Amino acid sequence: QAKEQGKNRYIFFNHSMETALREKILLERNLREAIANKELELWYQPFIEVATKRIIGFEALLRWYSPKYGSIPPVQFISLAEKTGLIIPIGCKVLQDACTFVASLRQEGYNNLRVTVNISVIQLIADDFIPTVQEIIAQTGVSPSSLGFEITESVFMEQSKGLVEKLECLKDMGIIILLDDFGSGYSSLKYLNHLPIDVVKIDKTFIDKLDENGDKKQLAEIIIALARQINAKSVAEGVETEKQLNRLIEYQCEIVQGYLFSKPVPEEAVRSLLMSNQKSVAP
Ligand code: C2E
Ligand code: MG
Ligand code: MG
Ligand code: MG
């Protein structure tokens, strides 16, 4: 049957594959140029502590503005960067910038903020990951206690030896480990107990569900309880409505993040967010 349709298929496949390949090559070339031209920039999205309504830190999120093509979202270029290995230099730059930024905030008197950085599993399994991190910390003079690394459940799939030891080493340095997008992928509860996780970030899909009515037990509530069992805190990602927030408060989620509070913003806007947040919570 495949043979009968062979001719059409050939044309169809050929066309789409060629287009896809050309786009991929173009994007890769642009990404290389973007690194060289410094078109990649970190924006920051606040974490809010529910109990105090205070900003306790930020997640660094990469933004690519290409003068030629406009802004290109991370979902489009991060996976390509992972496949091509470009994630290594990009990840280095991301960590350097985030460390420099949090170190400067500290100098301005914001002592207790933590900035989290998304770390690809490709970076994590690289042999020189730990020395690279140590070097960047030394270079930028950042306190490791101002840092957090967000990793995803895909690390569970890695057979890479010494992964747990690496995470423990980072933890010993004072960097906290956050498990990002929890529940969205290959969550293996078996591993949850073995990894030194400080914070579980509940995937946005479970937060969206909190808008629905009904008496079905919410998975967000179960995840928060689970996190507590392993002595981890919970962060709700992608909180957009008051209703979601109220339910999260009811479930005793400690930290929230989402458009309800703020979208990711560039560096200068971080300072205004911090100033107005301190004012608004002052007695
Ligand atoms: P993530 O780490 O799970 O980041 C959360 C994403 O949700 C961000 O998208 C953020 O802008 C978005 N978001 C936050 N709050 C809300 C909300 O209330 N509503 C909605 N609709 N969205 C919200 P973004 O910045 O496009 O990043 C997408 C993904 O790209 C990230 O998911 C992360 O996996 C990856 N990424 C971004 N920056 C980096 C980076 O520097 N390094 C690596 N390795 N990955 C990165
Ligand atoms: Mg993240
Ligand atoms: Mg996330
Ligand atoms: Mg996500």
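A quick note: this is a predicted structure, and the numbers were derived from the prediction, not measured. In listed order, ligands and their atoms are each counted from 1. Below, all heavy atoms of this structure are taken into account, side chains as well, without hydrogens, waters or symmetry copies.
- A heavy-atom separation below 4.0 Å is not found between K263 and ligand 1.
- Heavy-atom contacts of G258 reach the following atoms of ligand 1: 15 (N), 18 (O) (cutoff under 4.0 Å).
- Within D181, OD1 is the N, O or S atom that lies nearest to the Mg ion (ligand 3).
- Between the side chains of E41 and W43, at least one donor-acceptor pair of N or O atoms lies under 3.5 Å.
- Expressed to the nearest 10°, the angle at the Mg ion (ligand 2) joining OE1 in E150 with OE2 in E59 is 90°.
- The proximity of R63 to ligand 1, defined as any non-hydrogen pair under 4.0 Å, is limited to the side chain.
- With a heavy-atom cut-off of 4.0 Å, K201 does not touch ligand 1 at all.
- A donor atom on one side chain and an acceptor atom on the other are not found under 3.5 Å apart for Q107 and S104.
- The contact set between ligand 1 and E240, taken as ligand atoms under 4.0 Å from a residue heavy atom, comprises 17 (C), 18 (O), 19 (N), 20 (C), 21 (N).
- Here the closest non-hydrogen pair linking G148 and I175 is CA-CG2, 4.0 Å.
- At least one heavy atom of E59 lies less than 4.0 angstrom from ligand 1.
- F206 does not carry K209 over the face of its six-membered ring by the limits of under 6.0 Å from the centre and within 45° of the normal.
- Looking at every heavy atom in both residues, L42 comes nearest to A98 through CD1-N, 3.7 Å.
- With a 4.0 Å heavy-atom cut-off, ligand 1 is reached by the side chain of D181 but not by its N, CA, C or O.
- For the residue pair T116 and E150, a side-chain donor N or O sits within less than 3.5 Å of a side-chain acceptor on the partner.
- For the pair P264 and ligand 1, a heavy-atom separation below 4.0 Å is found.
- Of all the N, O or S atoms in D180, the one closest to the Mg ion (ligand 2) is OD2.
- Donor-acceptor pairing under 3.5 Å is recorded for the side chains of E59 and N118.
- Atom numbering of ligand 1 starts at 1 in the shown order; those under 4.0 Å from a heavy atom of S120 are 44 (N).
- Short contacts between ligand 1 and D180, defined as distances under 4.0 Å to a heavy atom of the residue, involve ligand atoms 1 (P), 2 (O), 3 (O).
- Other residues, nucleotides and ligands place no more than 12 heavy atoms under 6.0 Å from the CG atom of D127.
- You'll find the ring centres of Y44 and F101 inside the 6.0 Å limit.
- Listed by number with element, the atoms of ligand 1 under 4.0 Å from a non-hydrogen atom of V94 are 41 (O).
- Residue contact check: Q45 has heavy atoms under 4.0 Å from atoms 14 (C), 15 (N) of ligand 1.
- Ligand 1 places these atoms under 4.0 Å from at least one heavy atom of E237: 3 (O).
- For the side chain to side chain contact (heavy atoms under 4.5 Å, CB included) test with L248, the passing option among V50, V235, V239 is V239; the others fail.
- Of all the heavy atoms of I78, the ones lying under 4.0 Å from any atom of ligand 1 belong exclusively to the side chain.
- For the 3.5 Å distance criterion, the side chains of D181 and T152 fail to qualify, holding no donor opposite an acceptor.
- Summarising the local packing, NZ of K243 is surrounded by more than 12 heavy atoms from other residues, nucleotides or ligands at distances under 6.0 Å.
- The N, O or S atom of E237 lying closest to the Mg ion (ligand 3) is OE1.
- No part of Q257 comes within 4.0 Å of ligand 1, judged by heavy-atom distances.
- In the model, R106 has a side-chain atom that pairs as donor or acceptor with a side-chain atom of S146 under 3.5 Å.
- Using a cut-off of 2.8 Å, one finds that T116 contributes no N/O/S atom close to the Mg ion (ligand 2).
- Here N118 has heavy atoms under 4.0 Å from ligand 1 in both its backbone and its side chain.
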